[in-house]
Amino acid sequence: MFQHFSTAHVIFLAEHMLETLKLVGLAMLCGCPGGLVIAALLRSKIALLRNLAEAFVYLVQGVPIVIVLFMSYYGLPRLGITLPPFLAMGVAFTLFTGAFLGEIWRSAIDSVAKGQWEAAHALGLGQMTTMLSIIGPQALRLATPPSIGFLVQLVKGTSVVSIIGITELTRAAQIVSNATFKPLPVFLVAAGFYFAINFPMTMMSRRLERRQVQSSSPTN
Amino acid sequence: MFGLEFSGTILRLDMLVEGAITTLWLSGVAMLAALVIGTCCALALRGGTLVRGLVLTYVEVIRNTPFLVQIFVIYFGLPAVGVKISPTLSALIGLSLYGGAYAAEILRAGLEGVPFGHIEAAQSLGMKPASIFRNIVLVPALAAVYWPLSGQFILLLQTSSLLSAISVAELTAMGNSIQSLTFRNFEAYIFVASGYLLMTAAFRQVFRWMHAILFPFMKLER
């Protein structure tokens, strides 16, 4: 009556891992520019813009991603915007990514030593040049480990779209589990796929972080 | 504007309150359990190779796989091998294990940050080992990582929203029920989202109070 849990099912899961990666790609593609904008607004000299960006980050970080998902899935049609489910997910994850990366990047920019701004100013460099060639590269280095850390959160976060019925890795695992009635091995294999994506990123993030601590300790 | 119609949701506010209470106690208990698990794991990381390996495996597996898949393993997987547990118990186990792995990582950093000189100083003052551990190692380590840890615990509150997927009647699940009763999905989730924002703010405030009560000596440093 039930199918056996076989290699065909594992291949089915692997195929849907690609859907998960597609969602992650979409979120990063739209979320990274969003994060840059939020980071810029958070550092804006205009109080209104700064407060708006702060409110946005507070709202998105204060509400579970599932609820953000439901709200964009059900709320956008109310605004007269009808999107296919996949893109509605994209909107939710763009907001999520923008809020978190914006906050990470703002703190990276603020962490660059103040003397660097002053030195650039003393050399007569303009705001834009200072940002792009003095502060930016140093902030990028500081921001890389936490950004990779966020990417891990994002890969895990995309599993919630299974609740709405997008067939990515977690949803595929549910389907296989229902067909084979072998939930334990099926979900463990799915977990293994997630682990295979995330663990290398976690390791890389940690190694970069350790290298930064080492390289910055003698000067401080 | 947008044809919002809240009356159906407002009529069922009691469901939302009930769900919020479930969310609060589930995440509260899980936070305490996570603190205990995290402390034990962080201390175990200083032990022998085998214990270290086991703890590191636990921490990395939990941190690198989605919570949703973890609760599916517990809720659907364990009964299939003969361990029968209720949704609430699976939820508590899942949430505690999830929070515990993150807490372990944060607390490990806290313990590593205790300077060895402090311990030596305490020893030379003749403090007993138990007292050194409590007053010189554990409490300052907890104080040092208090804010990252409380931030992680607030994320745990939000993670609990996924428990609706295993039919635990917490706030998100109540929102789902209300939207299927009223067909007013967006309105229902606006209320649910506000509920989470309120609970997040409440937890932040409680953490601030607790910090003042638990670590009065931290005020001196500011």
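Chain letters run A, B, ... following the sequence lines, proteins first and then strands; every chain starts at 1. A quick note: this is a predicted structure, and the numbers were derived from the prediction, not measured.
Both the backbone and the side chain of B/I190 come within contact range of chain A, with heavy atoms under 4.5 Å apart. For A/A191, the parts lying near chain B are the backbone and the side chain together; criterion is any non-hydrogen pair under 4.5 Å. Only the side chain of A/Q174 comes within contact range of chain B, judged by heavy atoms closer than 4.5 Å. For a residue to count as touching a neighbouring chain, one of its non-hydrogen atoms must lie under 4.5 Å from one of that chain's; by this rule B/A188 does not touch chain A. Only the side chain of A/V152 comes within contact range of chain B, judged by heavy atoms closer than 4.5 Å. The contact between B/A193 and chain A is made by backbone and side chain atoms together, counting heavy-atom distances below 4.5 Å. Heavy atoms of A/L59 lying under 4.5 Å from chain B belong to its backbone as well as its side chain. Residue A/S162 touches chain B through its side chain alone, counting heavy-atom pairs closer than 4.5 Å.
For a heavy-atom cut-off of 4.5 Å, chain A lies close to B/E60, B/V61, B/I62, B/R63, B/N64, B/T65, B/P66, B/L68, B/V69, B/F72, B/V73, B/F76, B/G77 in residues 48-77 of chain B.
Residues B/A165 and A/I163 share a closest heavy-atom pair of CB-CD1, 4.5 Å. Closest heavy-atom contact between B/N185 and A/R78: OD1-NH2, 3.6 Å. When all heavy atoms of B/F186 and A/M71 are compared, the pair lying nearest together is CE1-O, 3.6 Å.
By number of non-hydrogen pairs under 4.5 angstrom with chain A, the leading residue of B/L162, B/N176, B/L197 is B/L197.
More than 12 non-hydrogen atoms from other residues, nucleotides or ligands lie less than 6.0 angstrom from CZ of A/R206. Enclosure of atom CZ in A/F181 is not indicated, since only 12 or fewer non-hydrogen atoms of other residues, nucleotides or ligands lie within 6.0 angstrom.
For the atom pair OG of B/S161 and CD1 of A/I65, the computed distance is 9.5 Å after rounding to the nearest 0.5 Å.
You'll find the side chain of B/Q179 reaches within 4.5 Å of the side chain of A/Y74, heavy atoms only.
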